[in-house]
Amino acid sequence: MWSWWPLGNLARWSGAHIVGLNNNAQQVERAKSKTKDVKELYRFIHADYMKIPEDDESFDATYAIESMPHGPDKTEAFREALRILRPGSYFTGYDWCLTERFDSKNPEHMKIKHDIMAGNGLPDIALTTDVDSALIRAGFELIEARDLASDADPDTLWYRPLQGRDYSL
């Protein structure tokens, strides 16, 4: 699952040819309508990322944005991403994860987790260490993993960088 605007922005910025994959036909059609200005730089696949209908070693890079928590088995999802990568290529992504600071006995932490899961349609949210382990079990070399929230300014609301841009909340 992906949002159309990261794909469009990456294509506009880099000039790279990008393949977008989504299991929802309506979202594929919406993505096509929102990225017409770069239509020569992409193609879309309506498919399940657990069974990507592409040949082995056919991509130079892959990325996932807030999609892997939806998969039934993280290791298998990452293994499928690795399968389509050419040797020496990179996978990058960001997802909802729980850090080591998460305390399942803390009611406030549990409410935040529940609200994120409900708002994003997630079956659960994994610990960052579990995601890192799934990547390694899948066959990836883990080069970097970090919590972006720990670098954020606590006084800056998450949506503030989007204000005044062409994005809409």
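In this structure, the ring of Phe91 has its center less than 6.0 angstrom from the ring center of Phe78.
Note: the hydrophobic cluster containing Tyr94 also contains Leu7 (ILVMFWY, side chain heavy atoms under 4.5 Å, direct or indirect links). Connection of Leu127 to Met110 is established within a shared hydrophobic cluster, with ILVMFWY side chains joined at heavy-atom distances below 4.5 Å, either directly or through further cluster members. The same ILVMFWY cluster, assembled from side-chain heavy atoms under 4.5 Å apart, contains both Ile18 and Phe44. Grouping the Ile, Leu, Val, Met, Phe, Trp and Tyr side chains by contacts below 4.5 angstrom, directly or via other members, places Tyr63 with Val38.
In terms of heavy atoms, Arg83 sits closest to Ile52 at NH2-O, 2.7 Å. Closest of all the heavy-atom pairs between Asp95 and Ser67 is OD1-N, 2.9 Å. Here the shortest heavy-atom pairing between Asp147 and Arg101 reads OD2-NH2, 4.3 Å. Arg43 approaches Phe59 most closely through the heavy-atom pair NH2-CZ, 4.2 Å. Residues Lys74 and Met68 come closest through the heavy atom pair NZ-O, 3.7 Å. Residues Ile45 and Val28 come closest through the heavy atom pair O-CG2, 4.2 Å.
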Exercise. So Ile84 and Thr62, side-chain contact (heavy atoms from CB on, under 4.5 Å) or not? Walk me through it.
Worked result: CA-CA 8 Å; Ile84 64 170; Thr62 58; 3.8 Å; yes
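In terms of modelled atom types and a separation under 3.5 Å, the side chain of His46 and the main chain of Asn23 share a donor-acceptor contact. Here the side chain of Asn22 pairs a donor or acceptor atom with the backbone of Asn24 at under 3.5 angstrom. Although no hydrogens or angles enter the test, the distance criterion places no donor-acceptor pair under 3.5 Å between the side chain of His109 and the main chain of Ser104. At least one donor-acceptor pair under 3.5 Å links the side chain of Thr35 to the backbone N or O of Ala31. Within the 3.5 Å criterion, the main-chain N or O of Ser58 finds no donor-acceptor partner in the side chain of Asp55.
Here the side chains of Leu85 and Glu57 are not in contact, with every heavy-atom distance at 4.5 Å or above. Counting heavy atoms from C-beta outward, His17 and Tyr42 have side chains that stay 4.5 Å or more apart.
Rounded to the nearest 0.5 angstrom, Met50 CE and Glu80 CD are separated by 8.0 Å. Atom NZ of Lys32 and atom NZ of Lys34 lie 15.5 Å apart (nearest 0.5 Å). The distance from atom CZ of Arg79 to atom CZ of Arg137, rounded to the nearest 0.5 Å, is 8.5 Å. Rounded to the nearest 0.5 Å, atoms CD1 (Ile116) and CH2 (Trp96) are 4.5 Å apart. For the atom pair CG (Asp124) and CG (Leu98), the distance works out to 7.5 Å, reported to the nearest 0.5 Å. Distance CD1/Ile143 to OH/Tyr90: 4.5 Å, rounded to 0.5 Å.
Within a 6.0 Å sphere centred on CD of Gln26, other residues, nucleotides and ligands contribute 12 heavy atoms or fewer.
In summary, Glu108 and Lys111 do not engage in a salt bridge, as defined by a charged side-chain N under 4.0 Å from a carboxylate O.
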